[in-house]
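The block underneath contains the structure these notes are about, expressed in structure tokens.
All values reported here derive from a predicted model rather than from experimental measurement.
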Amino acid sequence: MSDLGSEELEEEGENDIGEYDGERNEAGERHGHGKARLPNGDTYEGNYEHGKRHGQGIYKFKSGARYIGEYVKNKKHGHGTFIYPDGSRYEGEWADDLRHGYGVYYYVNNDTYTGEWFAHQRHGQGTYFYAETGSKYVGTWVNGQQEGAAELIHLNHRYQGKFLNKNPVGPGKYVFDVGCEQHGEYRLTDVERGEEEEEEETTMMTLVPKWKATKITELALWTPTLPEEHPPAEAPGPEEALGAEGDGELMEEGQALADISEGETDSLRPGEDDGDSTREDSREYGRDDYRYDTTDQGIVSFEEEESKQSELPE
């Protein structure tokens, strides 16, 4: 897609006076804001300085094209937008009437180029988007051509390598979204032609790049390395600590009971039941069992306690 349409559109020079309506300086030069209708049918409205277009202005060509932007001494210089007769347009930086710096070109077929320009040509780093296929070239440009390291991105895969005269050359690789990479290289080979064409074009040779795959590998994915998490120190919590102390006390009490049980067991004669001795003691003492009363600091019998309970009002 050509983007050199502005070369055919020449603006009127500073000596083409035409008709002018606007501000002037003491010397009678166009100076300040004004409108001009030039002899070739173009028009300009904007700022002047010492008789030259300088500052912000709008230049309309009789062909339908127009420029909206900055001027320096009658030349497009700075930031501006140029709309061409075919409907394509450039928005970006200018220098001495040329696309120069960073800018975006919108083509009539909806393709776009976004990147660096040098002397009216795509030059440096830039991205070209192909509207018809959805693919895009991201990489280096030299004098308007795809040249150098770049990446050609398609809908479900991409190619990474080097380009020369818009064609891939040398080693590279295809990266597929399914999770694999195909490594290989592009080699220049003669284009296949019929016998009649070979006889008529013996001096003409056309070389086209042909892909030769060498190996297929898994897609190399980068994953962050997370720090190892050490398990927390086994320090008992408050509840665990209490539980542990309780367990210790229970163990000590259990051990004491065990010791006592062992002593009592030793004191029993074989065949003698401790429960029987308890019953015998109960028969011996009857109901005259005693306990401590917390209110009356003394010893009372169960009979006295029952008589006290009967005296309470109902």
Name of the residue among Arg30, Glu70, Glu49 meeting side chain to side chain contact (heavy atoms under 4.5 Å, CB included) with His54
Glu49

Partner of Trp117 under side chain to side chain contact (heavy atoms under 4.5 Å, CB included), chosen from Arg122, His123, His100:
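So the option named by the test is Arg122.
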
Out of curiosity, [X] [atom1] to [Y] [atom2], how far, rounded to the nearest 0.5 Å?
{"X": "Asn167", "Y": "Asn165", "atom1": "CG", "atom2": "CG", "result": "7.0 Å"}
{"X": "His77", "Y": "Trp94", "atom1": "NE2", "atom2": "CH2", "result": "12.5 Å"}
{"X": "Ile68", "Y": "Glu91", "atom1": "CD1", "atom2": "CD", "result": "9.5 Å"}
{"X": "Arg89", "Y": "Thr81", "atom1": "CZ", "atom2": "OG1", "result": "7.5 Å"}
{"X": "Arg66", "Y": "Ile83", "atom1": "CZ", "atom2": "CD1", "result": "3.5 Å"}

Side-chain heavy atoms of [X] within contact of [Y], under 4.5 Å:
{"X": "Glu23", "Y": "His31", "value": "no"}
{"X": "Tyr71", "Y": "Gln56", "value": "no"}
{"X": "Ile153", "Y": "Val138", "value": "yes"}
{"X": "Phe176", "Y": "Gln182", "value": "yes"}
{"X": "Lys173", "Y": "Gln160", "value": "yes"}
{"X": "Glu45", "Y": "His33", "value": "yes"}
{"X": "Val208", "Y": "Leu188", "value": "no"}

[X] versus [Y], closest heavy-atom pair with distance:
{"X": "Ser63", "Y": "Pro85", "answer": "OG-CG, 4.0 Å"}
{"X": "Asn110", "Y": "Ala131", "answer": "O-CB, 3.5 Å"}
{"X": "Ala150", "Y": "Gly139", "answer": "CB-CA, 3.6 Å"}
{"X": "Asn143", "Y": "Gln121", "answer": "CA-OE1, 3.4 Å"}

For [Y], does its backbone N or O pair with a side-chain atom of [X] as donor and acceptor, under 3.5 Å?
{"X": "Glu93", "Y": "Tyr102", "value": "yes"}
{"X": "Gln145", "Y": "Lys166", "value": "no"}
{"X": "Thr214", "Y": "His183", "value": "yes"}
{"X": "Arg99", "Y": "His120", "value": "yes"}

Quick one about Thr140 and Gln125 (side-chain donor to acceptor, distance below 3.5 Å, no hydrogens or angles considered), yes or no?
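Yes, because at least one side-chain N or O of Gln125 sits under 3.5 Å from a partner of the opposite role on Thr140.
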
Distance-only side-chain donor-acceptor flag, Thr133 / His154, under 3.5 Å:
no

In plain terms, say whether Arg158 and Glu151 are close enough for a salt bridge, that is, a side-chain N and a carboxylate O under 4.0 Å apart.
yes

Considering only NZ, NE, NH1 and NH2 on the basic side and carboxylate oxygens on the acidic side, decide whether Lys75 and Asp97 come within less than 4.0 Å.
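No, Lys75 and Asp97 are not salt-bridged.
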
Tyr113 and ring pair (Phe, Tyr, Trp, His ring centres under 6.0 Å): which single residue from Tyr106, Tyr90, Trp141 fits?
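The residue from Tyr106, Tyr90, Trp141 that satisfies ring pair (Phe, Tyr, Trp, His ring centres under 6.0 Å) with Tyr113 turns out to be Trp141.
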
Ring-plane angle category for [X] and [Y], please: parallel below 30°, perpendicular beyond 60°, tilted otherwise.
{"X": "Tyr59", "Y": "Phe61", "value": "tilted"}
{"X": "Tyr137", "Y": "Phe163", "value": "perpendicular"}
{"X": "Tyr186", "Y": "Trp211", "value": "tilted"}

Determine the sole option in Tyr130, Tyr105, Tyr128 for which the side-chain hydrogen bond (donor to acceptor under 3.5 Å, both in side chains) test with Asp111 is passed.
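Output: one option passes, namely Tyr128.
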
Centre of Tyr44's six-membered ring, under 6.0 Å away, within 45 degrees of the axis: is that where NZ or CZ of Arg53 sits?
yes

Neighbour count above 12 (heavy atom, 6.0 Å) for Phe129 CZ
yes

Are the aromatic ring centres of Tyr20 and Tyr48 under 6.0 angstrom apart?
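Between Tyr48 and Tyr20, which both carry aromatic rings, the centre distance is below 6.0 Å.
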
